[in-house]
Amino acid sequence: MNKRDCKTCDGSMKERRKTRTIFIGDIAIGGDNPVVVQSMCNTDTRDVSSTVAQIKRLEAVGCEVIRVAVPDMEAAQAITDIVKSISIPLIADIHFDWRLAVVSMEAGARGIRINPGNIGGREKLEKVVRVARERAVPIRVGVNSGSLEADIRKRHGGPTPEALVESAMRNIEYVCDMGWEEIKVSIKSSDVMDTIESYRLLSLRSDFPLHIGVTEAGGLIAGTVKSSVALGSLLIDGIGDTMRVSLTRDPEEEIAVAYEILRAARRRFRGPEIISCPTCGRTEIDLFSLAEEVERRARQIPHPIKLAVMGCVVNGPGEAREADIGLAGGKGIGIIFQGERVLEKVREEDLLERFWFHVERVLEEKFQQKKR
Ligand code: SF4
């Protein structure tokens, strides 16, 4: 949506910050490209079939780039078989051992995430960068408040935003000096305000694409709130080229939350927008289960469509007038409507399937039509 299409935006949202474009496999990151959504597997990378299965599930709900942990050589070698069975680019996440980075790239990783400060010194970093250059593999320079260089930490009195930015600039310079500028940068802190401040400072000093996220954000509620505040603020500021919401949950939920943040910040619109009421004393159907199942099914749909799941007919249809398809509960029944038009009245036990029938019908009408 651009500003002309938006009925409520007053134009105060900042333009996207200009960054260079890099490619992770065939996915463009930075420049004018859409903010790319990533996640990270929580399977054992050495377990190829579980890892592939999880990546496929994540891809189905909109994950565009996947990262896997590479704690040892067996995990690095497993990448060879993993990439044969997936269609989104894979990033290898490496700490401490430069050889794991080299083997991961040789095995087919399309990006690597390293902290140049903990990879074993300049000479070893050079070996990693040489292979990255030869194979055109971008490097994510990942600075983390927990693994800040001792001298920088001492000078700033701790992992302050200024300290994190100094570390990022130092590490960017290391890699660039070695002749490789396909870089994206992340600064991770578990503190929301520090995260926002750090990225704001960094975006003034560097035009490399930024990977944004809050590290160790927490479970579903805390993690969603922290990520929404931090990433939402940055996206509204025009900062961020790729993002990961990190939750102590199934990574599929990270993807769902990431797209909701992008939608709320009006940076990207993927999949259905679901309006649902909180329920009240008027609710006479099991709306929680209905809304949960609609949300679960909706994750598989990439097209933008507006769905409403409302507890009653008093306010339901009115509040959800702009929905493509909506439902409103009654006593043991539900009404399915399209805009203001009532389509049918069905028993509660049939409500979900009839509602979903109409969702699929509208999807076909809207998106088949566009293809012609
Ligand atoms: S839509 Fe109906 S049931 Fe839901 S909160 Fe509003 S009045 Fe209550």
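Numbers for residues simply follow the sequence, beginning at 1. Atoms within a ligand are numbered from 1 in the order they appear, just like the ligands themselves. All values derive from a computational prediction rather than experimental measurement.
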**Report entry** Under-4.0 Å salt bridge between D93 and R140
**Finding:**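 Here D93 does not pair with R140 in a salt bridge, since their nearest N and O are not under 4.0 Å apart.
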So that I can tick it off, tell me whether R354 and E344 are bridged by a salt bridge, with the cut-off set at under 4.0 angstrom between side-chain N and carboxylate O.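 Between R354 and E344 there is a salt bridge, with a charged N closer than 4.0 Å to a carboxylate O.
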- [ ] Would you mind listing every salt bridge (charged side-chain N to carboxylate O under 4.0 Å, His left out) that reaches into residues 216-225, with sequence neighbours excluded?
- [x]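 Non-adjacent pairs meeting salt bridge (charged side-chain N to carboxylate O under 4.0 Å, His left out): zero.
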[X] heavy atoms, cut-off 4.0 Å: which ligand 1 atoms fall inside?
X: C277; result: 1 (S), 4 (Fe), 5 (S)
X: C312; result: 2 (Fe), 3 (S), 7 (S)
X: R282; result: 7 (S)
X: T283; result: 3 (S)

Set of residues satisfying salt bridge (charged side-chain N to carboxylate O under 4.0 Å, His left out) with respect to D32, sequence neighbours excluded: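 By the salt bridge (charged side-chain N to carboxylate O under 4.0 Å, His left out) rule, D32 matches K18.
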request  = For atom 2 (Fe) of ligand 1, decide whether C280 has an N, O or S atom at a distance under 2.8 Å.
outcome  =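 False for C280.
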Q) Are V314 and ligand 1 in contact, using a heavy-atom cut-off of under 4.0 Å? A)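 Under 4.0 Å: no for V314.
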* Using the ring of Y259 (Phe, Tyr or Trp, six-membered ring only), decide whether R268 places NZ or CZ under 6.0 Å from its centre and within 45 degrees of its axis. =>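 No.
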